[in-house]
2 protein chains.
Amino acid sequence: MTDPTPPRPGSRAGRKASGAARRRTASTGARIREEGAPRVRLPRRLAPRKSPTQDRARETVEAILEAAVDLFSSRGYARTSTNHIARRAGVSVGSLYQYFPNKDAVLTALLARHLAAVESAIHACIPPLRDPAVPLRDGIRRLLELLREVHEADPRLSRAIEQQVGQMPVVPEGLAGYKRDHVATLAEILSTRPDVRPGNHALMAVLLAAVTETVSVVLVHAAPARFGRDEMLDEAVEALCRFVERPPGRLS
Amino acid sequence: MTDPTPPRPGSRAGRKASGAARRRTASTGARIREEGAPRVRLPRRLAPRKSPTQDRARETVEAILEAAVDLFSSRGYARTSTNHIARRAGVSVGSLYQYFPNKDAVLTALLARHLAAVESAIHACIPPLRDPAVPLRDGIRRLLELLREVHEADPRLSRAIEQQVGQMPVVPEGLAGYKRDHVATLAEILSTRPDVRPGNHALMAVLLAAVTETVSVVLVHAAPARFGRDEMLDEAVEALCRFVERPPGRLS
DNA sequence: CGACGAAGCGAGCGATCGCTCGTATCTTGA
DNA sequence: TCAAGATACGAGCGATCGCTCGCTTCGTCG
């Protein structure tokens with residue numbers, strides 16, 4: 001009942017006894033730039049406390065984040081304590097607090113990764129969407145494919161994250177504001193392309209963005225068994241295209 | 001710092017001292033059937049502990065729910081304790097636990113009301129949607145209007161509720177299952193109407209339902225200042241209609 | 001009026017939470 | 001080789017949480 005929660009089989013051996021400490025390959029540190037973290041100014045409350053410099057520490061941070069993914073998505077954010085996370089990561093709470101000032105910061109780190117993935121998916125699709133030579137449909141399909149990929153990476157996590165964001169008392173401006181930017185870009189694209197129907201493009205962009213997000217989530221979470229992956233994608237593309245496309249005027 | 005949280009000005013005088021207890025109109029209890037509660041079998045964990053029989057008690061329950069609305073939507077579910085709720089309601093924790101077995105039950109009661117509202121909105125729109133004589137567009141518009149109304153009743157609450165539902169460890173089948181029913185109904189309607197384009201109507205129904213929900217939320221929450229209420233509604237109707245309507249074959 | 005059930009009260013229990021800090025161990029570089 | 005910083009550890013603090021329970025007060029009715 002007291003939730004012994006043995007470290008998950010896969011990650012990090014459960015060296016309970018203090019003696020059997022970590023012995024890792026001490027390969028010279030690969031100075032990889034912290035991947036997947038968008039350049040955003042985070043408030044002290046949520047910013048990482050200090051960056052790991054040794055490989056050992058990087059592993060610790062990674063294990064913590066993996067454990068957090070696991071627990072947030074299975075038990076929910078509120079029901080997951082920092083002690084849970086640490087234990088599951090095969091790490092002490094103290095170590096967790098070396099790198100994250102508080103629980104929200106752990107979620108924020110996860111959120112940052114997720115948003116970075118979403119952002120890069122969107123960014124990859126802006127050029128084709130801008131290009132009037134590329135059919136609108138193709139750009140939209142590509143975007144949905146990429147977003148689906150992001151959500152598929154860890155469906156439970158992206159669900160948990162997106163739900164929790166709304167609950168966070170402070171959603172860092174930098175992380176939330178990216179949406180506004182993209183909606184603006186989208187509005188501009190809609191106004192430019194000749195194959196988009198006339199109308200209030202700013203408004204259309206707001207709706208389109210919201211619907212796109214929803215649809216990409218549904219693509220992953222709605223009974224993937226009942227409908228084929230591609231079938232669903234086709235229908236989703238259809239929905240978005242029909243909304244914005246200028247009707248050909250001829251042909252059905 | 002310990003959050004004295006005086007009872008909100010509007011509701012229920014703050015009779016702190018035990019002496020100045022409640023003096024309410026003891027009018028013979030209006031036996032109104034608990035309004036807004038769908039006939040759903042709730043697990044003991046979430047079911048109300050006992051129903052209030054006196055008016056005084058009904059007031060208490062009402063005050064508790066109002067306070068919960070207020071706190072859940074402003075501080076979030078996780079950050080709201082039962083003591084908070086009771087204090088804000090001008091009631092003791094003990095009284096709260098007379099009617100709700102635990103915190104989740106309070107949320108569930110709120111959820112039940114919300115879903116009842118959504119459900120009745122949907123139900124009201126099914127006949128016109130079924131009727132081929134009524135333009136599809138009219139039925140959809142009416143549905144969005146009604147859903148918008150529901151969310152407008154208390155935007156913060158419906159937001160908080162819908163976010164929390166996903167986090168709840170046990171979403172009662174009866175409360176969650178209503179969606180499946182409506183999607184099925186929707187699929188059937190799509191298959192029947194001659195003005196709907198051919199295709200996989202079951203799949204279209206899934207997407208349509210998800211998009212409808214999103215859109216109705218956006219209608220209320222997305223900067224209501226930047227766009228006119230009706231303008232947004234028009235555009236949303238457009239989005240949904242274009243998705244399912246059979247193109248006229250002539251005319252733009 | 002008196003008695004009884006319904007309703008209300010709130011101190012406080014046990015559990016858990018987020019988080020700290022003194023100490024032990026590891027890694028690095030000169 | 002070894003000092004010094006980086007990393008890790010985990011018992012446990014203070015706060016808060018959900019919730020109980022012994023008791024008082026209110027409303028009703030014979």
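Proteins come first, then strands; the chains are lettered A, B, ... in the order of their sequence lines, and each starts at number 1.
Looking at heavy-atom distances under 4.0 Å, A:Y99 makes contact with sugar-phosphate atoms alone, never a base.
The residues A:R113 and A:E66 are annotated as not salt-bridged, no charged nitrogen and carboxylate oxygen being separated by less than 4.0 angstrom. Under 4.0 Å is where a charged nitrogen must lie from a carboxylate oxygen, and between B:D70 and B:R75 no such pair does. Here B:E119 does not pair with B:K179 in a salt bridge; the nearest charged N to carboxylate O distance is not below 4.0 Å.
Residue A:R49 places at least one side-chain N or O closer than 4.0 Å to OP1 or OP2 of C:dT20. Residue B:S81 has a polar side-chain atom (N or O) positioned under 4.0 Å from OP1 or OP2 of D:dG18. An OP1 or OP2 oxygen of C:dT20 is reached within less than 4.0 angstrom by no side-chain nitrogen or oxygen of A:Y97. Contact annotation: A:S95 reaches the phosphate of D:dC9 (side-chain N/O to OP1 or OP2, under 4.0 Å). At C:dA7, one or more side-chain N or O atoms of B:T53 fall inside 4.0 Å of OP1 or OP2 (strictly under the cut-off). For A:T60 and D:dA8, the shortest distance from a side-chain N or O to OP1 or OP2 is below 4.0 Å.
Whole-Å rounding puts the B:E59 CD to C:dA6 P distance at 19 Å. C:dG18 atom P lies 11 Å from atom CZ of B:R79, rounded to whole Å. Regarding A:L96, its CG atom lies at a distance of 11 Å from the P atom of D:dA8, rounded to whole Å. In this structure, A:R75 atom CZ and C:dT16 atom P are separated by 11 Å, rounded to whole Å. Regarding B:H84, its NE2 atom lies at a distance of 9 Å from the C1' atom of D:dT16, rounded to whole Å. Note: CZ (B:F100) to P (D:dT20) measures 15 Å, nearest angstrom. Here C:dA6 presents its P atom at 14 Å from CZ of B:R58, a figure rounded to the nearest Å. The CZ atom of B:R87 sits 10 Å away from the P atom of C:dA11 (whole-angstrom rounding).
A cation-pi arrangement, defined by a distance under 6.0 Å to the six-membered ring centre and an angle within 45 degrees of its axis, is absent between B:K103 and B:Y97.
A donor-acceptor contact under 3.5 angstrom links the side-chain atoms of A:Q98 to the base of D:dA8.
The nearest heavy atom of DNA chain D to B:K103 and to A:S51 marks one nucleotide each, and the one closer to the 5' end goes with A:S51. Mapping B:N83 and A:N83 onto DNA chain C via the closest heavy atom, the residue that lands nearer the 5' end is B:N83.
Nearest to the side-chain atoms of B:Q54 among the listed nucleotides C:dT27, C:dA6, D:dG18 stands C:dA6.
With sequence neighbours left out, B:E149 forms a salt bridge (charged side-chain N to carboxylate O under 4.0 Å, His left out) with no residue at all.
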